[in-house]
Chemist: 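This is the structure, below, for whatever I ask next.
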Number of protein chains: 2
Amino acid sequence: MPPATTRSTRDAAPQRLSRPAQVAEAIKSWVVEANMKPGDRLPNELEMIERFGMAKGTIREAMRILEAQGLVKTRTGPGGGSFVHEVSEARARALLGNYFYFKDLTVTDIYQLRLVLEPELAADLAGQLSADQLAALEANVARYVTPPKDAEEERQQHIASLDFHKLLASYAGNELLGFLIGFMAQMLSDLTVMRRLYEPRNYELWKMGTDHQIELITALRLGDGPRARAIMREHMEAAQAFMVRQEAEMERRFLAGR
Amino acid sequence: MPPATTRSTRDAAPQRLSRPAQVAEAIKSWVVEANMKPGDRLPNELEMIERFGMAKGTIREAMRILEAQGLVKTRTGPGGGSFVHEVSEARARALLGNYFYFKDLTVTDIYQLRLVLEPELAADLAGQLSADQLAALEANVARYVTPPKDAEEERQQHIASLDFHKLLASYAGNELLGFLIGFMAQMLSDLTVMRRLYEPRNYELWKMGTDHQIELITALRLGDGPRARAIMREHMEAAQAFMVRQEAEMERRFLAGR
DNA sequence: ATCTATTTGTACGTATGTATT
DNA sequence: AAATACATACGTACAAATAGA
């Protein structure tokens with residue numbers, strides 16, 4: 001382990017960090033330099049106390065910082081301790097969601113991105129999915145093949161249809177693209193969908209949405225990239241029109257992240 | 001403040017949280033429910049200790065968790081304490097960067113997104129920028145109007161030209177789009193650009209890059225959205241070809257976040 | 001099933017540091 | 001300069017969890 005004077009991964013932050021934060025940064029750069037992998041064990045509390053020459057509480061606060069960032073997990077008991085941990089997607093979403101909590105993202109903002117990114121993903125995935133993955137997509141669509149009876153069911157189906165996109169995102173070869181699409185779907189799920197429930201059930205729109213997804217699965221199975229892209233694009237345009245009409249507002253809350 | 005039993009913003013995480021984590025979550029949902037804004041003050045340590053009926057260390061660890069997530073800042077001294085804080089962009093980038101630390105993002109992955117997102121932003125900004133903003137962009141380009149003399153200068157210019165995109169990102173009306181473009185530029189800046197320095201200075205490429213940016217500024221000033229989009233698209237295609245040729249690898253390290 | 005060893009988790013008292021008035 | 005109001009850090013004692021004998 002490097003000396004406690006190792007302050008930061010970069011000199012970009014000239015601020016005086018609190019001691020726990022310094023310790024946390026030191027551990028981070030140690031993890032990088034030692035090329036530690038998820039599952040690798042960090043020194044235990046007592047060792048840390050000795051090596052850094054700091055009190056127990058200070059070390060514990062440092063570990064909490066790393067834990068909050070999703071970089072370590074800690075277990076009690078024999079063989080316990082702190083372990084390097086791969087930041088989970090859920091955590092990353094939550095952390096990024098915190099950033100946007102104070103901004104006021106609109107549905108329009110999100111759809112501006114979905115409109116170009118979702119078709120991109122669809123084209124990528126054409127011909128790349130396993131039978132299992134295609135089946136999972138079909139099973140998801142099955143959750144909303146019947147038109148909704150009431151507003152509540154419509155709400156649930158809307159959430160479920162967003163799961164379709166999360167599923168696709170999880171198959172992405174490009175992890176950045178996959179993460180973003182999953183993040184946006186999560187944000188939309190967390191909307192107070194239809195805060196004012198517009199009464200006119202829109203059968204046409206529901207029909208179009210599910211049809212798009214079914215056609216999309218076919219195109220993906222056949223490996224027809226251009227067609228998958230075009231269908232997704234249409235799907236997004238329809239969804240956008242729907243969402244914007246609802247004037248749905250982003251619900252301001254913090255996401256949960258394990 | 002809600003009772004300490006308020007565990008999480010959502011019941012999505014069935015895990016047993018540590019007490020500090022519970023306290024942190026309770027405070028978060030309290031901030032949301034009380035609709036607190038950045039700058040608002042949280043109860044001080046002693047009050048927290050009393051309200052949650054927990055020891056000082058536990059409370060402090062909780063505050064550290066929130067601090068690590070960028071949601072609060074703490075000051076010592078009279079009138080000090082913990083304050084709600086808007087998550088900074090730098091912090092959000094760092095936190096998201098941690099997630100990708102364990103994935104192996106390639107330059108190709110990033111460019112797949114830049115290729116569609118940067119032109120989108122360029123089109124948005126056409127006719128929207130103030131004289132100051134346009135001047136700032138021009139000033140940035142001025143940092144690399146002269147061809148690089150050596151590999152080191154080429155590296156610096158490359159970083160500087162990424163700043164051009166960060167600048168554009170900061171002007172974005174769509175905060176999600178702006179954040180992403182800034183994030184990607186940051187990731188690229190952090191690359192070990194040219195780990196193997198290819199010796200053939202490529203004057204043509206350098207020329208094309210700066211010309212694109214100069215033309216782009218003109219299109220933005222004139223409010224010609226389609227043209228701005230087209231130029232940026234070309235710019236991205238050229239940059240992608242360059243980067244991929246360098247076979248640049250992502251440097252695995254943690255970003256700094258204030 | 002019980003004990004035991006290991007390691008984190010919680011509690012609390014005290015002293016120090018820091019910024020405001 | 002001094003008093004005040006806060007967080008910060010330390011050290012110790014004990015509680016809880018978990019794996020293995």
Side-chain angles (χ1 to χ4, degrees), chain A residues 1 3-5 7-8 13-27 31 36 39-85 258, chain B residues 1 3-5 7-8 13-27 39-85 258:
Chain A
M1 172 131 35
T5 52
R7 326 195 102 241
S8 161
Q15 289 202 290
R16 268 205 4 271
L17 263 44
S18 67
R19 281 220 249 194
Q22 284 175 37
V23 172
E25 290 303 317
I27 293 173
V31 167
M36 292 180 78
D40 289 354
R41 191 176 173 179
L42 292 165
N44 67 20
E45 262 186 16
L46 195 62
E47 277 180 84
M48 298 269 205
I49 291 168
E50 286 160 1
R51 296 215 220 185
F52 286 98
M54 274 178 270
K56 180 171 172 143
T58 309
I59 298 298
R60 288 184 56 76
E61 287 178 35
M63 297 318 292
R64 281 287 132 71
I65 289 172
L66 295 174
E67 218 169 52
Q69 301 180 346
L71 293 169
V72 310
K73 285 272 188 231
T74 294
R75 289 199 311 267
T76 61
S82 295
F83 300 83
V84 177
H85 192 263
R258 299 136 266 185
Chain B
M1 173 127 34
T5 53
R7 326 194 101 242
S8 160
Q15 287 202 290
R16 273 210 348 280
L17 262 44
S18 68
R19 283 222 245 190
Q22 284 176 38
V23 172
E25 289 303 316
I27 294 173
D40 288 354
R41 190 178 173 175
L42 292 165
N44 67 20
E45 258 187 20
L46 194 62
E47 278 180 85
M48 297 271 205
I49 291 168
E50 285 160 1
R51 296 216 219 183
F52 286 98
M54 272 176 276
K56 188 154 57 181
T58 309
I59 299 296
R60 287 182 58 74
E61 288 178 32
M63 297 318 292
R64 280 288 136 67
I65 289 172
L66 295 174
E67 218 169 53
Q69 300 179 347
L71 292 167
V72 310
K73 283 271 190 235
T74 294
R75 288 201 310 266
T76 61
S82 295
F83 299 82
V84 177
H85 193 263
R258 300 134 267 188

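Here is the naming used below: chain letters follow the sequence lines, and residue numbers restart at 1 for every chain. Only a predicted model underlies this, so the values are computations on that prediction, with no experimental measurement involved.
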Chemist: List the atom pairs, with distances to 0.1 Å, where a side-chain N or O of residues 75-83 of chain A and a protein N or O form a donor-acceptor pair under 3.5 Å, not counting sequence neighbours.
Modeler:
residue: A:Ser82; atom: OG; partner: A:Thr74; partner atom: OG1; Å: 2.9

Chemist: Checking side-chain contact (heavy atoms from CB on, under 4.5 Å) against B:Ile59, which of B:Asn44, B:Ile27, B:Ile49 comes through?
Modeler: B:Ile49
Chemist: Check side-chain contact (heavy atoms from CB on, under 4.5 Å) between A:Glu50 and all other residues, then give those that pass, not counting sequence neighbours.
Modeler: A:Leu46
Chemist: Rounding to a whole Å, what distance do you find between B:Glu61:CD and D:dA9:P?
Modeler: 13 Å
Chemist: Mapping B:Ser82 and A:Thr76 to their closest nucleotides on DNA chain D, which lands nearer the 5' end?
Modeler: B:Ser82
Chemist: Nearest-Å distance, CZ (B:Arg75) to P (D:dC6)?
Modeler: 12 Å
Chemist: Grab the CZ-C1' distance between A:Phe83 and D:dA19 for me, whole Å please.
Modeler: 12 Å
Chemist: Tell which nucleotide pairs with D:dA1, taking only Watson-Crick or G-U wobble pairs whose two distances are both under 3.5 angstrom.
Modeler: none
Chemist: What is the separation between atom CG on A:Leu17 and atom P on D:dA9, rounded to the nearest whole Å?
Modeler: 11 Å
Chemist: Locate the shortest heavy-atom distance separating A:Ala68 from B:Ile65; write the atom from each residue and the value.
Modeler: CB-CG2, 3.7 Å
Chemist: Listed by chain and number, what are the salt bridge (charged side-chain N to carboxylate O under 4.0 Å, His left out) partners of B:Lys56, not counting sequence neighbours?
Modeler: none
Chemist: Which pair of non-hydrogen atoms, one from A:Lys73 and one from A:Glu67, has the smallest distance, and what is that distance?
Modeler: C-OE2, 4.2 Å
Chemist: Test side chain to side chain contact (heavy atoms under 4.5 Å, CB included) on A:Glu61 and A:Val23 and set out the steps.
Modeler: CA-CA 9 Å; A:Glu61 287 178 35; A:Val23 172; over 6 Å; no
Chemist: Between the protein and nucleotides 2-4 of chain D, which nitrogen or oxygen pairs are less than 3.5 angstrom apart?
Modeler:
none

Chemist: About how many Å separate CD of A:Gln22 and CZ of A:Phe52, when rounded to the nearest 0.5 Å?
Modeler: 10.0 Å
Chemist: CE of A:Met36 to CG of A:Leu71: how many Å apart, nearest 0.5 Å?
Modeler: 12.0 Å
Chemist: Tabulated below should be each protein N or O lying under 3.5 Å from an N or O of nucleotides 10-12 of chain D; please produce it.
Modeler:
residue: D:dC10; atom: OP2; partner: A:Ala55; partner atom: N; Å: 3.0
residue: D:dC10; atom: OP2; partner: A:Thr58; partner atom: OG1; Å: 2.6

Chemist: Hey, is the side chain of B:Arg60 poking within less than 4.0 Å of OP1 or OP2 on D:dT8, counting only N and O atoms?
Modeler: yes
Chemist: Holding to side chain to side chain donor-acceptor pair (under 3.5 Å), I want the full list of residues that pass it with A:Gln69, two or more places apart in sequence or in another chain.
Modeler: A:Lys28
Chemist: Please identify the 5'-most and 3'-most nucleotides of DNA chain C with any atom under 4.0 angstrom from a heavy atom of chain B.
Modeler: C:dT10 to C:dT20
Chemist: Would you mind reading off the distance between A:Gln22 atom CD and D:dT8 atom P, rounded to a whole angstrom?
Modeler: 13 Å
Chemist: Can you check the B:Leu42 CG to D:dC6 P distance for me, whole Å?
Modeler: 14 Å
Chemist: Quick one: side-chain contact (heavy atoms from CB on, under 4.5 Å) partners of A:Ser18, sequence neighbours excluded?
Modeler: A:Pro20, A:Ala21, B:Arg64
